[in-house]
Every structure is written in C-alpha cells, then in structure tokens.
Asks: 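The structure's right below; bear with me while I get my questions together.
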Number of protein chains: 2
Amino acid sequence: MPDAVSRPTLEAVAARAGVSRATVSRVVNGGSGVREPLAERVRRAVEELGYVPNQAARSLVTKRHDAVAVVIAEPETRVFTDPFFALQLRGISKELTAHDNQLVLLLTEGRDDHTRVARYLAGGHVDGALVFSLHLDDPLPRLIHDAGVPTVFGGRPGWRDGTGPAVYVDCDNRGGARTAVRHLAALGRTRIAHLTGALDQTSAVDRLDGYRDVMAETPGGADPALVVESDFTPAGGEGAMRELLARRPDVDAVFAANDLSALGALRVLRERGLRVPQDVAVVGFDDMLPLAEQSDPPLTTVRQDIERMGRLMARLLLDGAATRPAARGAAARAGADGGDGGRPDAPPSGVILPTTLIRRASA
Amino acid sequence: MPDAVSRPTLEAVAARAGVSRATVSRVVNGGSGVREPLAERVRRAVEELGYVPNQAARSLVTKRHDAVAVVIAEPETRVFTDPFFALQLRGISKELTAHDNQLVLLLTEGRDDHTRVARYLAGGHVDGALVFSLHLDDPLPRLIHDAGVPTVFGGRPGWRDGTGPAVYVDCDNRGGARTAVRHLAALGRTRIAHLTGALDQTSAVDRLDGYRDVMAETPGGADPALVVESDFTPAGGEGAMRELLARRPDVDAVFAANDLSALGALRVLRERGLRVPQDVAVVGFDDMLPLAEQSDPPLTTVRQDIERMGRLMARLLLDGAATRPAARGAAARAGADGGDGGRPDAPPSGVILPTTLIRRASA
DNA sequence: TTGAAAGCGCTAACAG
DNA sequence: CTGTTAGCGCTTTCAA
C-alpha cells in the first residue's frame with residue numbers, strides 16, 4: 001500500500017499564519033485563549049493549507065484516542081449473518097459518533113486472532129473496548145483484562161475465574177423467558193417445550209432457567225424431554241424441532257431461545273402439516289425485525305431493544321463506568337464532551353434492560 | 001473514559017535488558033542484525049514486562065498504520081440489516097487479518113458525518129480506505145479523494161465529475177441480469193417484469209440495463225409498464241409487486257433486482273393466490289443465504305460471491321493497486337507482508353467478478 | 001553488531 | 001494572551 005500523501009503540519013500552518021505552533025494548536029483545539037484577529041489568521045492558514053491534525057502525534061502526547069474497539073468473538077462463522085450484532089453495532093455506532101469517538105471493529109475468526117486482538121488493545125489504539133459474544137470457556141476476557149483497557153461487555157459474562165466484576169449490559173433473559181412461557185401456559189398449553197440457545201452462552205442458560213422457573217410451578221411439572229438443546233440458528237432450530245417431535249409428538253407449544261431458531265421450528269412444523277398456533281403455539285425471543293413480523297405466521301416473541309443495548313454499552317464506557325479500580329477520574333471528560341451523561345454515580349457492574357412480549361399470530 | 005493504565009516503554013525494556021533502545025526496537029521488529037544472546041535477553045525482558053509497542057509512537061515515525069478504514073455510507077437506515085454488507089465485511093476482515101491489518105469501520109449516518117469521516121481519513125489513522133454503498137449524488141467520494149488516501153470502491157462508482165478513474169470491485173450486474181431474464185424467457189415466459197433496485201446506485205442501473213438488453217431482442221419487445229422502480233428492500237419489493245399486478249395482471253415472470261425484494265414479491269404473490277412458479281416465475285439476485293434457499297418456494301437467483309468481493313477489495317488495496325498516480329512504491333511491502341499478492345501488474349481500475357444462475361424452485 | 005542522537009507532529013507546562 | 005521549551009515512545013540514520 002502506498003504511503004499517504006504528506007500533509008501540512010502544525011509547523012507549516014504556524015509559519016503561514018506568522019504565529020507559534022502553540023497558538024495554532026490552541027486554535028485548532030477549541031480556540032479559547034487566543035485573541036480573535038490572530039485566531040482568524042490561523043483559521044485561514046488552516047483552511048488554505050488543508051491542515052488536518054495528525055492523530056498519531058496527538059495521541060502520543062494526550063494518551064487519548066477518541067476511539068473505541070468493538071470486539072466480536074466469532075468462534076463459529078455466525079456473527080455477521082446474525083442481525084443481532086448488526087443492531088447492536090448500529091446502537092454503538094450512533095452513541096460513539098455522537099461523542100466524536102471512532103468505532104474500531106475487531107473481528108476474531110478463531111483462537112489465533114485472540115492474541116492479535118489483545119496486542120491491538122494493549123497497543124494503545126483505543127480508549128476502551130466493547131466486547132461481545134462471549135462463550136463460557138472463552139480466553140478472550142482474560143486477555144482483554146490483561147491488556148488493561150476499560151471494557152464493557154455485551155451480555156452477562158459467564159466466566160468464574162478471578163477476573164473480578166465486569167461491567168456489562170444485558171436484557172432480562174430470565175424474566176423474558178418466564179413471560180413467554182407464562183403466556184403459553186395462559187393459552188392453555190400444557191406440553192410446553194423449549195428449544196435452547198447455545199448453552200455455552202449465558203443468555204441461553206438464563207432463558208432456559210426462566211423456562212424452568214415457570215414449568216416448575218406448572219401442574220404437569222417440568223419434563224426433561226421437552227427441552228431440546230439447540231444453538232440460536234435457523235438450522236439448529238429445525239433440527240431441534242424435529243428431535244422434539246420425535247420425542248414428544250404431542251407437544252402443543254414451543255418457546256424457542258430466539259427468533260432465528262423459532263423460524264426453523266416454524267418451517268418444520270409447516271412441513272409436518274402442523275398448524276401454528278392451533279396445533280402448536282410458538283414464541284420466539286428478540287423480536288428480530290423484519291423477520292419476526294414477516295414470518296408465516298407472524299411470530300409472537302419477546303422483544304429486547306438491541307440497538308438500545310448497544311447505545312448503552314457505549315455510553316457506559318464513555319462515562320467511565322468501566323474504570324478499573326486503579327485508575328479513576330474520567331467523569332469530567334464525559335461531561336465535557338457535551339454528552340448527556342457524566343453523572344458520577346457509582347458505576348453499575350451490570351445493567352439489565354427490560355423485555356416485552358409482542359403478541360402476533362404464532363401464539 | 002479513564003486513561004489506560006500506563007504500560008512499559010521501550011526504554012523500560014532496554015533498561016531491564018541492559019541494552020539500548022535501538023537494540024530493543026530491532027528485536028521487536030524482527031530481530032535481524034542482533035546477536036542471539038542479546039536478542040534473547042531482550043525477548044525475556046519484553047516478556048517479563050509485558051511490553052507492547054505503542055502504535056501511535058510507531059506510526060508517528062513510520063507513517064504507516066497497518067489499518068484500513070471501511071466506509072459505509074448509510075443515507076437510509078438500511079445498512080446493517082442487509083446481509084450484503086455483512087458478507088462483504090467478512091471477506092474484508094479475513095483478508096485484512098491475514099495481512100496483519102486492522103479493520104476500522106466508519107459508518108456514516110448522514111451528511112453531517114461525511115466531514116467527520118473525511119477528517120478521520122485525512123488524520124492519518126489508516127493506510128487506505130474501502131468504500132461502499134455509493135449513491136450517484138454522493139459527495140463522499142470527492143471528500144475521500146481529497147483526503148488523499150488510497151481507496152478501493154465496492155461497486156462501480158457512478159459519479160461523473162473529474163475525480164478520475166477509481167479502483168473498484170463489482171460483480172457482473174448487467175451480465176447476471178441478462179442471464180436471469182434469458183432463463184425466464186427460455187422457460188417460455190413472455191411477460192417478464194423487472195422490479196428495479198434503487199436507481200441511484202449503479203448496480204441497480206446495470207441490472208436494469210441487462211434486463212433491457214434481453215427484452216429488446218425479445219418478440220414482444222420491451223414494455224415500460226413491466227418495469228417497476230423499487231429499492232432493494234423487502235418492503236419495496238412488496239410495493240413494487242402490487243403496483244406491477246395493478247398495471248399488468250397478466251405478468252408471468254418477475255426478475256427482482258435482488259433477493260430481498262424478490263422475497264417481498266413472493267409474499268404478495270402468495271397473498272394474491274398466485275402460484276410460483278406456475279403462474280408467475282420469480283428470479284432474484286445475490287443468492288443471499290440462507291434467505292434464498294429457505295424462502296417459499298426456494299428462490300432461483302443470480303449468485304454473486306459477495307464475500308470474495310470483499311476479500312478482493314482488501315487485497316487490491318494492500319497490493320497497492322489503489323495508489324494514486326503521484327505516490328508509488330508499495331508493491332514491495334505487500335509482497336513482504338507474506339501475502340500472495342505483490343505482482344506489479346498494471347493496476348486495474350475495475351475488477352468484475354462473474355455471476356452464476358442458481359436454479360431452485362421459483363423459476 | 002551495537003549505541004547515541006535526532007527527530008516524527010503534537011500538546012502542555014512555563015515564562016514572558 | 002503568546003511564544004519557548006520539553007518531551008510523548010518510537011524508528012532510524014550515523015558513528016563507533
């Protein structure tokens with residue numbers, strides 16, 4: 001790749017405006033404390049030369065980057081085809097942009113990439129990290145922790161080593177699952193099955209727990225045969241649904257761990273000639289639009305505001321909630337950034353967003 | 001946001017190893033020209049201190065960043081919910097990673113963000129840019145051009161100002177469209193309609209041209225009523241399909257500009273009780289999986305290898321194909337990066353990837 | 001081979 | 001208010 005064209009430096013601007021570098025720097029960084037005529041001369045020089053500050057030089061001295069890394073662990077190949085990440089990224093991007101921060105996307109395709117990511121984070125490119133899609137045995141959180149970068153996690157982290165409390169944003173997976181199953185029960189269904197998500201992720205575990213909470217207090221009680229392990233994908237949902245029908249042909253309701261797998265289940269049901277919701281009622285999770293709305297039949301599901309989760313993660317990071325015990329003193333900056341945050345509350349270690357049941361035709 | 005914890009510097013490593021900074025630098029950057037015992041001492045010191053080079057400092061002197069920006073213009077809100085970008089990003093990410101480059105994602109939510117992006121690019125954060133989703137009237141390419149950063153475009157750029165030839169990667173939109181329409185004609189369909197994409201994008205225009213190419217040589221000739229303008233979205237496809245049925249209830253085939261809009265069309269067809277393909281044959285474009293495969297009926301479509309396009313874009317950039325006339329001399333680096341590129345061919349200004357017709361049930 | 005020294009472009013005291 | 005002066009942490013001549 002060719003070197004970028006050499007651009008004018010502060011020095012050049014200073015020379016052109018007939019002032020010192022310091023003065024130019026002041027003008028460029030907000031201009032306070034510089035008399036107007038001078039400032040104007042500087043601005044003109046900046047304009048004429050097309051000067052743009054060199055960020056590397058700036059970061060070197062300020063130790064700030066106005067950039068945040070988003071780390072998406074991608075053990076399978078499932079990341080970007082899942083609209084979930086897309087939405088979260090949108091939220092993050094919006095919030096970051098509003099605070100003049102850049103989003104640096106770090107995708108990890110496998111174990112090999114973990115060290116690369118850790119190196120990047122430790123390399124002082126970014127002021128913080130937003131980390132997603134963690135699996136229980138993931139070595140990434142440790143590496144990231146060691147990189148010494150403030151971090152907010154997307155989804156409750158599931159590790160149990162001594163990495164200490166992590167700041168994270170999640171939705172009320174357990175509560176949402178309860179709502180879904182209760183809805184099914186209220187419909188008079190008695191043989192309510194659950195197609196789980198990938199059980200190495202806490203979201204799947206929590207939803208399963210929620211399902212069990214309700215089933216335990218149900219007349220029939222919990223039947224293990226009604227729980228089929230799956231993996232959040234449409235294909236997984238199909239497979240699990242087939243397995244379920246083999247085990248319990250009399251099933252009359254299905255709570256799928258997410259909309260994608262619910263869609264898979266719907267397909268199998270249709271192909272078997274089972275009517276939804278008459279024969280089998282189906283509830284999903286996520287309210288992934290437009291999928292959930294346009295499925296056949298439209299999917300009743302538990303909505304979580306994914307984009308908002310993303311925004312919140314970014315805000316927590318910028319507000320300094322992710323500060324590790326050692327280093328303090330950032331709330332001021334977040335406030336000065338013109339944001340709406342900056343309240344020096346005690347940093348929460350986990351923020352749980354509510355869920356709502358969206359009733360459509362499938363249950 | 002809190003400052004990152006202070007990390008050890010080259011200086012510290014040098015002190016610990018009892019050598020000069022220069023020696024440490026040499027070891028860290030490949031170690032050639034340093035006698036083994038010394039090098040070993042340095043490596044141990046690096047290890048013990050957990051030293052990671054500060055990239056800002058490094059870039060300041062090398063003027064290289066090993067980072068590439070991906071710019072996605074998002075005039076509408078349609079970017080991340082479209083699997084298209086996801087796939088392209090995957091390809092880009094893979095290629096970049098293989099060459100130890102970082103991907104920096106720049107999302108623009110609207111006009112305001114354009115200057116921000118231009119500033120970022122000019123700010124010397126990245127060695128090059130990959131730019132997408134351009135619309136005909138987009139001011140972004142000009143801004144990016146002025147930022148003086150080597151750039152590869154995704155999709156044939158459509159502007160006509162004097163910005164000079166651009167390097168881009170695209171699929172054979174026109175040829176693919178021809179194939180699709182010929183297939184429909186070969187099926188004996190005579191009233192073949194086209195639901196266009198957003199016509200401010202060259203891909204939509206090219207596909208429309210391909211459709212017209214074939215229709216022109218068809219017995220009936222081209223009937224303008226059979227062309228309905230749409231926008232690449234499922235909702236747009238629905239609307240266009242309704243409009244089409246209003247105009248020409250006798251339509252017996254539809255070529256949709258992409259799979260997403262084809263899905264919309266399919267839905268309207270089903271709702272009107274028209275059978276696909278018996279009454280109306282439908283062909284899409286993209287072969288967006290798993291959507292195209294799992295639609296009802298499965299969609300016959302024109303496949304383009306989107307992920308490969310992404311990979312190719314990244315490779316072209318890294319190989320220095322995007323060098324602007326002024327600055328030369330990067331092929332060596334790309335080769336030394338351990339890549340498979342680096343052949344000093346004349347830089348192509350456009351690379352067109354082939355398309356294939358994938359026959360499924362819808363036509 | 002190794003080290004000393006000179007910056008890369010910028011900000012941030014500190015004087016004036 | 002403005003300029004002068006140190007560096008930020010690193011690479012890279014240039015000598016030794």
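Labels below follow one simple rule: chain letters A, B, ... track the order of the sequence lines, proteins then strands, and each chain is numbered from 1. Given the structure is predicted, the values throughout are model-derived calculations rather than measurements.
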Asks: Reading nucleotides 6-16 of chain D from the 5' end, what letters show protein touch, with B for base, S for backbone sugar-phosphate only, - for no heavy atom under 4.0 Å?
Replies: B-BBBBBB---

Asks: Out of R16(B), R43(B), R41(B), which one pairs with E48(B) under the salt bridge (Lys or Arg N to Asp or Glu O under 4.0 Å) rule?
Replies: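 Only one of R16(B), R43(B), R41(B) forms a salt bridge (Lys or Arg N to Asp or Glu O under 4.0 Å) with E48(B), namely R16(B).
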
Asks: If you count every heavy atom of other residues, nucleotides or ligands that lies below 6.0 Å from E47(B) atom CD, does the total exceed 12?
Replies: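 No, because the 6.0 Å sphere around CD of E47(B) holds 12 heavy atoms or fewer from other groups.
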
Asks: Salt-bridged, R90(A) to E95(A), with N to O below 4.0 Å?
Replies: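 The answer is no: the pair does not qualify as a salt bridge.
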
Asks: Looking only at atom types and distance, does a side-chain atom of H65(B) sit under 3.5 Å from a main-chain N or O of G124(B), one as donor and one as acceptor?
Replies: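 Yes.
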
Asks: Can you classify the ring geometry of F132(A) versus F85(A) as parallel (below 30°), tilted (30 to 60°) or perpendicular (above 60°)?
Replies: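 The rings of F132(A) and F85(A) stand perpendicular, inter-plane angle above 60°.
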
Asks: With a strict under 4.0 Å distance from non-hydrogen atoms of chain A, what nucleotide opens and what nucleotide closes the contacted stretch of DNA chain C, reading 5' to 3'?
Replies: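 It runs dG9(C) to dA13(C).
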
Asks: Do S25(A) and N29(A) have a side chain donor and acceptor closer than 3.5 Å?
Replies: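 Yes, a side-chain donor-acceptor pair sits under 3.5 Å.
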
Asks: Is any side-chain heavy atom of F153(A) less than 4.5 Å from a side-chain heavy atom of V169(A)?
Replies: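 Side chain of F153(A) against side chain of V169(A), heavy atoms only: no contact under 4.5 Å found.
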
